[in-house]
Enquirer: 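Take this structure, written in structure tokens, and hold onto it; I'll ask about it next.
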Amino acid sequence: MKQITLGKTKEKIPLIGQGTWGISRLFKDKEYYEQWKTSLRTGIELGMTHIDTAEFYGWGKAEEVVGELIKEYDRDELFITSKLFPIHFRKKTMKKAAEVSLKRLDIKYLDLYLIHWPNPFISIEKDMKVLEELVKEGKTRYIGVSNFSVDQFKKAQDYLKSEELITNQLKASVEDQKVIHNSLSYYQQNDIIMTAYSPLGHKGLTDIDEALKNKLQSVAENHNATIQQIALAWLITHKNVITIPKAFHLNHVKSNAKAASINLSKREIELLHTKQSDLLLTNFNT
Ligand SMILES: NC(=O)c1ccc[n+]([C@@H]2O[C@H](COP(=O)([O-])OP(=O)(O)OC[C@H]3O[C@@H](n4cnc5c(N)ncnc54)[C@H](OP(=O)(O)O)[C@@H]3O)[C@@H](O)[C@H]2O)c1
């Protein structure tokens, strides 16, 4: 699995990690959770050692399942991201939420802790104070945000005294290119990682329009790949972009890991852009 340097840190992170949004708390049997663990374990074995979770996913169940699985590994081999859901309004309850996440994950520290969404009723300043204190207390190594606009991101960074935000986790895919065209250049210029969530449009690109499907299929044929693999390869070809597809099914996990080795040509990348772009690209053949 190809890795990149995590922004200005010396840390390496895989270009493709694993999402856990789908892990449900309700009406599921043991077999379902075992299947999830098998999928995540297979992903880890294939190098997708970045696992993205959140207190919100399955109301804590996703963190619990990840926690059970990662006991099998050396903590240092993994990169665990979780997120603070914006329903905690006081500094004390925000910090308590981080501790509860750590407890569910059964680990001493997170690698990355994000503010899941901006909340107009919680000041960005307070969010940043909490994140910075959590770093000082050793509860997380790095901090970031999710679903912040570039302006909100800049404001957040300005409030930080000793830390830097290393990522903004944003919705981005070949199907939904808004943030790619509107804000990625800022993250590229400032050496900040953009983590693309819902990289397969949340539904595995099963309901995309015919024109996009045809383009993806034509590129997929050149690489003996699936359209989903091409969609992932296209995203991570953009400099400073990593991604975290979610896959319950084992064949999907294996396919996603392989996508990191697909080298698209500049022509193929441009074919899939919805508008002309001068974004920085990596790993392409002319
Ligand atoms: N920060 C945020 O606000 C936010 C919001 C949404 C998501 N996220 C994070 O981003 C992760 C990924 O996004 P997502 O869960 O919305 O959706 P996604 O990864 O875009 O798509 C998931 C869907 O794609 C299917 N799939 C996965 N790999 C495939 C492959 N190789 N071929 C065909 N189909 C494939 C999955 O099927 P199976 O599961 O059946 O295998 C599932 O139906 C989440 O799990 C979560 O960790 C963050």
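Owing to the predicted nature of the structure, the values given are computational and were not obtained by experimental measurement.
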Enquirer: Please name all residues satisfying salt bridge (Lys or Arg N to Asp or Glu O under 4.0 Å) with D127, sequence neighbours left out, ordered by chain then number.
Expert: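 With neighbours one apart ignored, the set is empty.
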Enquirer: Taking all heavy atoms of A233 and all of A259, pick out the closest pair and write down the distance.
Expert: CB-O, 3.7 Å
Enquirer: Which pairs of donor and acceptor atoms, one on a side chain in residues 185-202, lie under 3.5 Å apart (sequence neighbours left out)?
Expert:
{"residue": "Y187", "atom": "OH", "partner": "N168", "partner atom": "ND2", "Å": "2.8"}
{"residue": "Q188", "atom": "OE1", "partner": "L280", "partner atom": "N", "Å": "3.0"}
{"residue": "Q188", "atom": "NE2", "partner": "K239", "partner atom": "O", "Å": "2.9"}
{"residue": "Q188", "atom": "NE2", "partner": "L280", "partner atom": "O", "Å": "3.0"}
{"residue": "N190", "atom": "ND2", "partner": "Y186", "partner atom": "O", "Å": "2.8"}
{"residue": "T195", "atom": "OG1", "partner": "T167", "partner atom": "OG1", "Å": "2.8"}
{"residue": "Y197", "atom": "OH", "partner": "N147", "partner atom": "OD1", "Å": "2.7"}

Enquirer: Could you tell me how the ring of F85 sits relative to the ring of F56: parallel (under 30°), tilted (30 to 60°) or perpendicular (over 60°)?
Expert: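 F85 vs F56 ring planes: parallel.
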Enquirer: Is there a path from V130 to I87 through hydrophobic residues (I, L, V, M, F, W, Y) whose side chains come within less than 4.5 Å of each other?
Expert: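 No.
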Enquirer: If you compare all heavy atoms of R41 against all heavy atoms of Y73, which two are closest, and at what distance to 0.1 Å?
Expert: CG-OH, 3.1 Å
Enquirer: Among all residues two or more places apart in sequence or in another chain, which pass the salt bridge (Lys or Arg N to Asp or Glu O under 4.0 Å) test with E221?
Expert: none
Enquirer: Can you tell me how far apart CD1 (I236) and CG (L264) are? Round to the nearest 0.5 Å.
Expert: 8.5 Å
Enquirer: What heavy-atom pair brings E175 and L212 nearest, and what distance separates the two atoms?
Expert: CA-CD2, 3.9 Å
Enquirer: Does S255 offer a backbone N or O that forms a donor-acceptor pair with the side chain of Q229 under 3.5 Å?
Expert: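 Checked: pair present.
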Enquirer: Return the minimal non-hydrogen interatomic distance between I122 and H88, and the atom names on each side.
Expert: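 Shortest heavy-atom separation between I122 and H88 comes out as CD1-O, 3.2 Å.
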Enquirer: Can you sort out the partners of E137 under salt bridge (Lys or Arg N to Asp or Glu O under 4.0 Å), two or more places apart, ordered by chain and number?
Expert: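 Residues passing salt bridge (Lys or Arg N to Asp or Glu O under 4.0 Å) with E137: K95, K139.
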Enquirer: Filter on side chain to side chain donor-acceptor pair (under 3.5 Å), then keep only pairs touching residues 13-24, sequence neighbours left out; what's left?
Expert: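 The answer is T20-T53.
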Enquirer: Just wondering, are more than 12 heavy atoms of other shown residues or ligands nearer than 6.0 Å to CG in D207?
Expert: yes
Enquirer: Could you pull out every donor-acceptor pair under 3.5 Å between side chains of residues 107-121 and any protein atom, sequence neighbours left out?
Expert:
{"residue": "Y109", "atom": "OH", "partner": "D76", "partner atom": "OD1", "Å": "3.4"}
{"residue": "D111", "atom": "OD1", "partner": "R141", "partner atom": "NH1", "Å": "2.7"}
{"residue": "D111", "atom": "OD2", "partner": "R75", "partner atom": "NH1", "Å": "3.0"}
{"residue": "D111", "atom": "OD2", "partner": "R75", "partner atom": "NH2", "Å": "2.8"}
{"residue": "D111", "atom": "OD2", "partner": "I80", "partner atom": "N", "Å": "2.7"}
{"residue": "N119", "atom": "OD1", "partner": "F121", "partner atom": "N", "Å": "2.7"}
{"residue": "N119", "atom": "ND2", "partner": "P86", "partner atom": "O", "Å": "2.9"}

Enquirer: Evaluate H249 against S39 for side chain to side chain donor-acceptor pair (under 3.5 Å), listing each step before the verdict.
Expert: CA-CA 7 Å; H249 290 95; S39 295; over 6 Å; no
Enquirer: List in chain and number order the residues that pass salt bridge (Lys or Arg N to Asp or Glu O under 4.0 Å) with K92, two or more places apart in sequence or in another chain; answer none if no residue qualifies.
Expert: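 Applying salt bridge (Lys or Arg N to Asp or Glu O under 4.0 Å) to K92 gives none.
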Enquirer: What verdict does the side chain to side chain donor-acceptor pair (under 3.5 Å) test give for E63 and S101, after you've listed the backbone C-alpha separation in whole Å, the side-chain angles of each residue and the deciding distance to 0.1 Å?
Expert: CA-CA 7 Å; E63 287 180 330; S101 282; 2.8 Å; yes
Enquirer: So with a 6.0 Å cut-off around CD of E31, is the heavy-atom count from everything else above 12?
Expert: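 No, not enclosed.
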Enquirer: Tracing side-chain links under 4.5 Å among I, L, V, M, F, W and Y, which residues wind up in one group with F27?
Expert: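 Members besides F27, by chain and number: L26.
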Enquirer: Tell me the closest heavy-atom pair linking L6 and F79, and the distance in Å.
Expert: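 Nearest pair, atom of L6 first, then F79: CD2-CZ, 3.6 Å.
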Enquirer: About how many Å separate NZ of K37 and CD1 of I23, when rounded to the nearest 0.5 Å?
Expert: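 So the CD1 of I23 and the NZ of K37 are separated by 10.0 Å.
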Enquirer: Sequence neighbours excluded and cut-off under 3.5 Å, please list the side-chain donor-acceptor pairs for residues 154-163, or say none.
Expert:
{"residue": "Q157", "atom": "OE1", "partner": "L165", "partner atom": "N", "Å": "2.7"}
{"residue": "Q157", "atom": "NE2", "partner": "E163", "partner atom": "O", "Å": "3.3"}
{"residue": "S162", "atom": "OG", "partner": "E132", "partner atom": "OE2", "Å": "3.4"}

Enquirer: Should the pair R267-E270 be classified as a salt bridge under the 4.0 Å nitrogen-to-oxygen rule?
Expert: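 Between E270 and R267 there is no salt bridge, as every charged N stays at least 4.0 Å from the carboxylate O atoms.
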Enquirer: Hydrophobic clustering (ILVMFWY, side-chain heavy atoms < 4.5 Å, transitive) - are I262 and L281 grouped together?
Expert: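 Per the 4.5 Å side-chain linkage, L281 and I262 are co-clustered.
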Enquirer: Output yes when a side-chain donor or acceptor of H252 lies under 3.5 Å from a complementary backbone atom of F248, and no otherwise.
Expert: no
Enquirer: Roughly how far, to the nearest 0.5 Å, is the NE2 atom of H238 from the CD1 atom of I269?
Expert: 7.0 Å
Enquirer: For the hydrophobic clusters of this structure (ILVMFWY residues joined by side-chain heavy atoms under 4.5 Å, transitively), does one cluster hold both L272 and V179?
Expert: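 Yes, because L272 and V179 connect within a single hydrophobic cluster, where side-chain heavy atoms sit under 4.5 Å apart.
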Enquirer: Step by step, work out the side chain to side chain donor-acceptor pair (under 3.5 Å) result for D52 and Q169.
Expert: CA-CA 10 Å; D52 178 80; Q169 188 179 119; 2.9 Å; yes
Enquirer: Find the distance between CD1 (I16) and CG (N256) and round it off to the nearest 0.5 Å.
Expert: 6.5 Å
Enquirer: Excluding sequence neighbours, so at least two apart, what forms side chain to side chain contact (heavy atoms under 4.5 Å, CB included) with K10?
Expert: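 Counting only residues at least two positions away or on another chain, K10 forms no side chain to side chain contact (heavy atoms under 4.5 Å, CB included).
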Enquirer: Can you see which heavy atom on L205 is nearest to which on A231, and at what distance?
Expert: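 Shortest heavy-atom contact: CD1-CB, 3.5 Å.
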Enquirer: My understanding is that only residues two or more places apart in sequence, or in another chain, count here; which of them pass side chain to side chain donor-acceptor pair (under 3.5 Å) with D106?
Expert: K71
Enquirer: Out of curiosity, K8 NZ to I166 CD1, how far, rounded to the nearest 0.5 Å?
Expert: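 The CD1 atom of I166 is 10.5 Å from NZ of K8, to the nearest 0.5 Å.
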Enquirer: Restricting to side chain to side chain donor-acceptor pair (under 3.5 Å), what partner residues turn up for Y33, sequence neighbours left out?
Expert: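 In terms of side chain to side chain donor-acceptor pair (under 3.5 Å), with neighbours along the sequence ignored, Y33 is linked to no residue.
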Enquirer: Is a side-chain donor-acceptor pair under 3.5 Å present for T42 with K254?
Expert: no
